[in-house]
Amino acid sequence: MLYIYPNRVETLKLAFGAQIKEPRAKLTMCGRFILTSPGKDLAEHFGLLTEPELSPRYNIAPTTEVATIRLEPGSNSRRLTYLKWGLIPFWAKDTSIGSNLINARCETLSQKPAFRAAFKSRRCLIPANGFYEWMKTKERKQPYLIQMTNGSLFAFAGLWEHWEGQENVVLESCTIITTESNDFLRPIHDRMPVIISSKDYDSWLIPKVSGRDLLQPYPSSEMIYFPVNPRVNRAVYGNPDCVEPVFRAESDTESLSLID
DNA sequence: CCAGACGTTGTT
DNA sequence: GTCTGG
DNA sequence: CCAGACGTTGTT
DNA sequence: GTCTGG
């Protein structure tokens, strides 16, 4: 029909009536994070009974399995399990909706059909040592890593779901809740993931508490961010140099050079 | 009543 | 499953 | 979140 | 532009 090779972009613009846009310099939302602490540290931080086997992950992407902390059914002990990132509601006919539900707005959790049930009774914590945001310029997408000032382990507020497909296929999945940004991140973006203070872990996980009051922007004073190696842009690339700080030249035409 | 959506982010 | 739109 | 695909027919 | 896969 209209797919002609050499001038593919121009052809597609014609095909889809695309407008030519000038991207603006602005950070986008959290859809990628890291978990690098050893299992021993997670066990300590979350009070796990057994020490999990973990290898550091420098580029955790949607649709992959992520480590989560949930309450053991029937008890209040915490357990680490892996869930697919991208929530699949129990009523979904197939799993394709999941990749759209990697985040959930905290303001509407109790109204949205996709999250309402999970918000009542299926909460989790998602351990992380940092998350990525991207600055878009005309030339490139520059990733930034956002962390606690001391680089320590923390936890996103999450929800999870149980889904059953045909032939006994069972899938458990999760989503990360977002809220308005704190003062530190607001100038560059108006949303950020909800981070739960360690003193509030039980309040979040035990669903008898409403939990609404915990879904606040985390304090600015405890956060830092810096530009990192753009190799992290590829979701399949997971080497430690993802978190390598880079010095961003003022001019877009200059290449990036490493600090240190 | 049935059919179809059910979500976020970002743009314009 | 449950809500909205027709 | 970003990267990469984005289509059909037929045949080997 | 918009959807899918990671």
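Treat the numbers as computed from the prediction; the structure is a model and nothing was measured. Lettering follows sequence order; numbering is per chain, from 1.
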Pairwise [atom1] distance for [N] and [M], with rounding to whole Å:
N      : M     : atom1 : value
E:dG1  : D:dT9 : C1'   : 27 Å
D:dT8  : B:dC1 : C1'   : 41 Å
D:dT11 : B:dA3 : P     : 40 Å

With under 30° as parallel and over 60° as perpendicular, where do the rings of [X] and [Y] fit, or are they tilted in between?
X        : Y        : result
A:Tyr201 : A:Phe46  : parallel
A:Tyr225 : A:Tyr144 : perpendicular
A:Trp134 : A:Tyr132 : tilted

- Item | Sub-6.0 Å ring centroid separation between A:Phe33 and A:Trp85 |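 A:Phe33 vs A:Trp85: aromatic centres under 6.0 Å.
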
- Task: Could you tell me whether the side chains of A:Thr81 and A:Arg70 share a donor-acceptor contact shorter than 3.5 Å?
- Result: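 Looking only at side-chain atoms, A:Arg70 and A:Thr81 do form a donor-acceptor pair, the distance falling under 3.5 Å.
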
What is the distance from [atom1] of [X] to [atom2] of [N], rounded to the nearest Å?
X        : N     : atom1 : atom2 : result
A:Tyr237 : E:dG5 : OH    : C1'   : 20 Å
A:Asn233 : D:dA3 : CG    : P     : 4 Å
A:Arg32  : E:dG5 : CZ    : C1'   : 11 Å
A:Leu83  : E:dG6 : CG    : P     : 19 Å
A:Lys136 : D:dA3 : NZ    : P     : 10 Å
A:Tyr132 : D:dA3 : OH    : C1'   : 16 Å
A:Gln142 : D:dC1 : CD    : P     : 16 Å
A:Ile88  : E:dT4 : CD1   : P     : 14 Å

- In Watson-Crick or G-U wobble terms, both distances under 3.5 Å, what is the partner of E:dC3?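 Result: D:dG4.
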
Classify the nucleic acid contact of [X] as base, sugar-phosphate or nothing, counting any heavy atom under 4.0 Å across all strands shown.
X        : result
A:Phe90  : sugar-phosphate
A:Thr108 : sugar-phosphate
A:Phe115 : sugar-phosphate
A:Ile102 : base

- Closest to the A:Lys112 side chain: B:dC6, D:dC1, B:dT8?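 Closest of the options to the side chain of A:Lys112: B:dT8.
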
- Message: Let's see if you can work this out: which of B:dT9, D:dA3, E:dG6 has an atom nearest to the side-chain heavy atoms of A:Ala61?
- Response: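 Looking only at side-chain atoms, A:Ala61 lies closest to E:dG6.
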
Check whether any side-chain nitrogen or oxygen of [X] sits under 4.0 Å from OP1 or OP2 of [N], and answer yes or no.
X        : N     : result
A:Arg234 : D:dG4 : yes
A:Lys141 : D:dA3 : yes
A:Arg116 : C:dT2 : no
A:Thr178 : B:dT9 : yes

- Item | A:Trp91 over B:dC6, stacked by centroid distance under 5.5 Å, angle under 30° |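 Base of B:dC6: stacked against A:Trp91.
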
- Item | A:Arg123 NZ/CZ over A:Phe119 ring centroid, <6.0 Å and within 45° of normal |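 Checked: cation-pi criterion met.
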
